[in-house]
Participant: 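Take a look at the following structure, please.
All ligand and atom numbering here is 1-based and tracks the order in the structure.
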Amino acid sequence: MAFDGQDPHEESIKVCCRFRPQNQLEKDQSGKICITLGDDITSVYVPNIDSSFVFDRVFGSEASQKEVYDYAAKPIINGVLRGFNGTVFAYGQTASGKTHTMEGPDIEDEVQMGVIPRMVWSIFDGIDHAADYIEFVVKVAIVEIYNERATRKHLRLSHPCVFSGTAGIRDLLDPKKDNLKIHEDKARGVFIGGVTETYVGSEQEIFDIMKTGKYNRAVAETNLNEHSSRSHLIFMLTIEQKNLHDRSLKVGKLHLVDLAGSEKVGKTGATGDRLDEAKNINRSLSALGNVINALTDRKSTHVPYRDSKLSRVLQESLGGNAKTSLIITCSPSYYNEQETISTLRFGQRAKMIKNVVKVNHERSVEELKMLLQRRDQALGDLRGRVSLLEQLLRSNGIPVPEDEGPSLALPGAAPPAPVDEAEKTEYEDQLQDVIDKLKEKSDQLAEANKEKDELAKQLHKAEGRAEVLEEEAVNAKQEFERMEYDKTEQVSELEKLRHEKTALQQELEDLSKTYQNMIQASAASTPTNREKGPVVCSRCRASCAEDRDPDRPLKKKVSQLDKNLEQLTVMYHKLVAQNSGLKVEVTESDKKIQRKDQRIQQLERNLREAKQKYEKLLTQCANLTAMIDVRGRKNCVCGASGGNAQARRAPTIVRPLRGGLVSARSETGLGDPSGTPKATSGSPSEPASSPTSSPLSLRGGTKTSRDNTRAKTAPYDPPLR
Ligand SMILES: Nc1ncnc2c1ncn2[C@@H]1O[C@H](COP(=O)(O)OP(=O)(O)OP(=O)(O)O)[C@@H](O)[C@H]1O
């Protein structure tokens, strides 16, 4: 799509490939290696398919964490410190080393720590080296995108965290928030509403937050990985920097993403919940693949960002306003050759994506005033130069024209013709006429613009509502599916109980028959006990009731079975009642879904109408603007020198984009216009919840109080000022 553009802000995604050492399982399988790394450190060759893949950098299994960080992530982090958005994400099959690359085995081990902990040091190093008049505010949020359909109660987690219901986007700093919604607005772009954003003032605070996040993340054991991530982890860091001189604001947003690994369930041995997770992981990764395919396919007209939460959250990072680095992680082993080839292909494709990257810069009134002053100064300089040049002309006997009109005559040229006063008045009248008409048209245009803005607002609102309804419909559907599942469970339970009941009835009947037979037989063949007199128990030689009535155990059993039968019957009736209750609920849900569908359709209709109206207005505006332009040009032809500045003004460019409007602000990629840091990001209608700690302002000049170890980190690209 965008890869032919000439936009100077256009930037390709950086793609690096990292191979890990072979693990024990692979060595046991044969230990054969399926790839050859090129000497140029940018290519890898797969002999079996006779194909080479070229990336920005290929790291072999001996590459250190620092090497990978310095090349793949550090430039992105420096960009964020300059006010750009940045993303680093790891993609690869399960157990290929994504978590090893992004987090590392120990976030506090200086050698083994991965991208996320190293980023923490770079950020604070950058803040320490910034000018004294820059004030920083740093916020951190961590979420995971977990399998949206399966319940989590059976998941063996890294800690005994309790889950209820289903999970989609889950706040790892406040696990109760387990179904966060994605929103989009002009000022903030795509964002997760209601997520906990914690203000941080030191490296240690971020490390503590990371530990909390890690503690809450979904991890389970599979055949291929003892600690397999069952969710996509997104670490989000926002840096706001305010220039205290001119009050301007820059906002850089960093996303660090550790994706869950794609897996072949045959190899991982996933069953039950693990299997459901694997299916959902593979599904969301393939939705990500579809987005990448659409972005790199010239014929594609639609990018399916909305097909999964993962691709929607990464929307700005893929084809949007962000500097993005992708690290694909692979196994070098023949045992995983197919998975490695598919990962290499994914990376190859992603390398073609181009983002349009801009600093998120909000100019303050002070900054604008300063710019104006600078421009006035430049104008003054130019005026001085002009008068110097005029003096030079005069001193050489060349007449200096008074203004830029027809008197700009060269020496020797014919003098201008005398102006006819009557003709001049006529022209002036015509001009006045045109000016009046222009004024009228311009009023109409302003009116139309107002109406257009109003419609755009309505459109935006309707889109928001449609989105909410869509989500509600999805939730209702999920609820319905869950109820259906429960119903099936209950029905099978009922069936089981029925079988048991029938079996018991059968047993009961058999026993009663046996009992009857025995009574008859004993009546026929033996004298009654009364006739025989008391029987003496063989062991204790004492009279006992049992000996007096040999059928007593049988009767006991029969009465016990009767009781069981009674209980079963009661249970059976209860289950029947429950089942009919469930049926009613299901019907209710059906009706609800139908109503929601109808509402969505209605809203879509409204949306279409509003869009049509809006487009009509746009055409009207364009026509009006064109008319004004034409009139303006006519004025110029008339030879009028003043009063037509309005007519010369360039027409306003209004561009509809993805069903919404793009204002000048959103096109420049500016952040929240209010510039007010919030503790919890929310949808426009959502109230912001309080921060987990108060905002801290970090000044670049406080480095004397900072930890000395920071001085050991690699040099920092200073922020643009
Ligand atoms: N470059 C490497 N050097 C040494 N060991 C590595 C490397 N990459 C991965 N490993 C080891 O391989 C194992 C699996 O790695 P890791 O958990 O990072 O995989 P993953 O891709 O995140 O898997 P999943 O998708 O299942 O979460 C870990 O024990 C890790 O320490």
Participant: Regarding ligand 1, does T94 bring an N or O atom to under 3.5 Å of one of the ligand's N or O atoms?
Facilitator: yes
Participant: I'd like to check whether S61 has a polar contact with ligand 1, where a contact means an N/O of the residue lying under 3.5 Å from an N/O of the ligand.
Facilitator: no
Participant: Does the residue M102 have a heavy-atom contact with ligand 1, meaning some pair of atoms that are separated by less than 4.0 Å?
Facilitator: no
Participant: Do the non-hydrogen side-chain atoms of I341 and E339 ever get within less than 4.5 Å of each other?
Facilitator: no
Participant: For S342, which residues count as a side-chain hydrogen bond (donor to acceptor under 3.5 Å, both in side chains) partner, sequence neighbours excluded?
Facilitator: none
Participant: Ignoring hydrogens and geometry beyond distance, is a side-chain donor-acceptor pair present between E337 and N48 at under 3.5 Å?
Facilitator: yes
Participant: Establish, from distance only, whether the side-chain atoms of D171 and N216 form a donor-acceptor pair under 3.5 Å.
Facilitator: no
Participant: Say whether G261, considering both its backbone and side-chain N or O atoms, lies within less than 3.5 Å of an N or O atom on ligand 1.
Facilitator: yes
Participant: Examine ligand 1 and decide if any of its atoms is less than 4.0 Å from a heavy atom belonging to G92.
Facilitator: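 Not so, G92 does not reach ligand 1.
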Participant: Is the closest N or O pair between A260 and ligand 1 shorter than 3.5 Å?
Facilitator: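 Not met; the criterion fails.
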Participant: Numbering the atoms of ligand 1 from 1, which are under 4.0 Å from a heavy atom of R18?
Facilitator: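 Those atoms are 1 (N).
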Participant: Heavy atom of E103 under 4.0 Å from ligand 1?
Facilitator: no
Participant: Going by distance only, is there an N or O of K98 that falls short of 3.5 Å from an N or O of ligand 1?
Facilitator: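 Yes, at least one N or O pair falls under 3.5 Å.
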Participant: Decide whether a cation-pi geometry holds between K323 and F84; the criteria are a distance under 6.0 Å from NZ or CZ to the six-membered ring centre and an angle within 45° of the ring axis.
Facilitator: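 Yes, K323 lies over the aromatic ring of F84.
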Participant: Would you mind checking if D70 and R118 are paired as a salt bridge, meaning a charged N to carboxylate O distance below 4.0 Å?
Facilitator: no
Participant: With atoms numbered from 1 as shown, which atoms in ligand 1 lie under 4.0 angstrom from a non-hydrogen atom of Q93?
Facilitator: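 Under 4.0 Å from Q93, ligand 1 has these atoms: 21 (O).
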Participant: Please determine if S96 has a nitrogen or oxygen closer than 3.5 Å to a nitrogen or oxygen of ligand 1.
Facilitator: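 Indeed, backbone or side chain, S96 has an N or O that close.
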Participant: Is the cationic atom of R170 (NZ for Lys, CZ for Arg) positioned less than 6.0 Å from the six-membered ring centroid of Y146 and within 45 degrees of its normal?
Facilitator: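 Not satisfied by the 6.0 Å and 45° rule.
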Participant: Please say whether A95 places an N or O atom under 3.5 Å from an N or O atom belonging to ligand 1.
Facilitator: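 N/O-N/O distance below 3.5 Å exists for this pair.
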Participant: In terms of side-chain heavy atoms, does E26 have a donor or acceptor partner in S331 at a distance below 3.5 Å?
Facilitator: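 A pair is found: one side chain offers a donor N or O, the other an acceptor, under 3.5 Å apart.
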Participant: Any idea how F59 and Y71 line up, ring-wise: parallel (<30°), tilted (30 to 60°), or perpendicular (>60°)?
Facilitator: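 If you compare the ring of F59 with that of Y71, the planes turn out perpendicular.
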Participant: Just to be sure I read this right, does ligand 1 sit under 4.0 Å from the backbone of P105, its side chain, both, or neither, counting only heavy atoms?
Facilitator: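 Looking at P105 and ligand 1, no heavy atom falls under 4.0 Å.
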